[in-house]
Amino acid sequence: DTGVSQNPRHKITKRGQNVTFRCDPISEHNRLYWYRQTLGQGPEFLTYFQNEAQLEKSRLLSDRFSAERPKGSFSTLEIQRTEQGDSAMYLCASSFMGGAEKLFFGSGTQLSVL
Amino acid sequence: KQEVTQIPAALSVPEGENLVLNCSFTDSAIYNLQWFRQDPGKGLTSLLLIQSSQREQTSGRLNASLDKSSGRSTLYIAASQPGDSATYLCAVLYNTDKLIFGTGTRLQVFP
């Protein structure tokens, strides 16, 4: 297993377009997290799943954002009608609940909205 | 409100110096604390994890300590090298739900 994988690495889009990102967690991990990071700031929590259930959503996650983890494996994060303020690094992490609760992060998807 | 603060925000030192990075958190009811390294434009690499019952963890030239009662953690880097240049992030886990991150310390080690 090579760790948490995120695709694409970079995405450039025009304002108003929809974008979708994918995250493949470490295979035995039952928890999956999405974070957003802007330049010079620490990552901010967006949402997380335990298996296929979405257990918490941050108030940062407006109704233009939706996340799914349909089979408890990979997850997608969709942003509809993108705005320039959505430009950020979107990070995915996974962990195994019941272990040390150590989070492993992917390399992120850098979104630029023009 | 649960907040994590890191001091200093940036640090520039010559190679070979021993460094201390500081992290403070407002709510001491933590589950664990992690230190991460982030290179520019990249994801996060976990360096050390300290459980709430532990006082410190060591890995190579890195040593992290935890004082829950005072709401503080420090990351000690011995004999710094140019390859240590990166942003170091402290993150606190509450209730096994989600990590709360600090804004990081940007470290530059020059030859």
Side-chain angles (χ1 to χ4, degrees), chain A residues 2-7 9-10 21 23-26 29-50 53-61 87-112, chain B residues 1-10 21-26 29-54 57 59 64 66 73 75 86-107:
Chain A
T2 57
V4 179
S5 176
Q6 290 189 247
N7 287 287
R9 289 296 308 279
H10 304 275
F21 310 140
C23 173
D24 288 89
I26 294 173
H29 284 182
N30 50 13
R31 285 198 167 181
L32 186 148
Y33 302 79
W34 286 99
Y35 282 79
R36 180 172 70 186
Q37 186 180 26
T38 53
L39 199 62
Q41 300 297 313
E44 296 175 295
F45 170 79
L46 292 178
T47 188
Y48 87 99
F49 294 83
Q50 184 166 309
Q54 188 172 18
L55 296 188
E56 187 173 345
K57 292 170 59 174
S58 164
R59 278 173 285 185
L60 294 174
L61 216 63
S87 296
M89 172 79 86
Y90 289 83
L91 294 162
C92 176
S94 69
S95 70
F96 181 73
M97 182 190 174
E101 304 296 340
K102 184 175 183 178
L103 268 67
F104 294 82
F105 280 80
S107 299
T109 294
Q110 181 66 53
L111 174 65
S112 298
Chain B
K1 183 180 178 182
Q2 296 163 336
E3 293 183 342
V4 179
T5 304
Q6 291 187 245
I7 295 173
L21 308 182
N22 296 293
C23 172
S24 61
F25 44 94
T26 54
I30 70 171
Y31 189 82
N32 67 36
L33 184 146
Q34 284 186 250
W35 283 92
F36 292 89
R37 169 183 172 140
Q38 187 174 32
D39 293 288
K42 301 293 180 61
L44 280 65
T45 300
S46 181
L47 298 174
L48 291 165
L49 181 149
I50 311 177
Q51 298 291 355
S52 62
S53 58
Q54 297 175 324
Q57 284 288 322
S59 176
L66 175 64
S73 176
L75 178 66
T87 295
Y88 291 82
L89 292 157
C90 167
V92 177
L93 184 67
Y94 292 101
N95 301 321
T96 73
D97 279 351
K98 57 184 180 289
L99 286 175
I100 308 295
F101 281 86
T103 52
T105 294
R106 193 170 62 254
L107 172 65

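Numbers restart at 1 for each chain; the letters A, B, ... are given by sequence-line order, proteins then strands.
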side-chain contact (heavy atoms from CB on, under 4.5 Å) between B:Lys42 and A:Arg9, intermediate numbers included: CA-CA 10 Å; B:Lys42 301 293 180 61; A:Arg9 289 296 308 279; 4.1 Å; yes
Side chain, backbone, both or neither of B:Gln38 within contact of chain A (heavy atoms, under 4.5 Å): side chain
B:Gln51 side chain near A:Lys102 side chain, heavy-atom distance below 4.5 Å: no
Side-chain donor/acceptor of A:Tyr35 to backbone N/O of B:Leu99, under 3.5 Å: yes
All side-chain contact (heavy atoms from CB on, under 4.5 Å) counterparts of A:Ser58, not counting sequence neighbours: A:Phe45, A:Leu60
Region of B:Leu44 in contact with chain A, defined by heavy-atom distances below 4.5 Å: both
Part of A:Leu103 within contact of chain B (heavy atom distance under 4.5 Å): both
With sequence neighbours excluded, residues passing side-chain contact (heavy atoms from CB on, under 4.5 Å) with B:Thr26: B:Glu3
Segment of A:Gln37 engaging chain B (4.5 angstrom heavy-atom cut-off): side chain
Residue among A:Ser95, A:Cys92, A:Gly106, A:Pro43 with most heavy-atom pairs under 4.5 Å to chain B: A:Pro43
Proximity breakdown for A:Glu56 and chain B, heavy-atom pairs closer than 4.5 Å: side chain
Minimum heavy-atom distance between A:Met89 and B:Gly41, given as atom pair plus value: CE-O, 3.4 Å
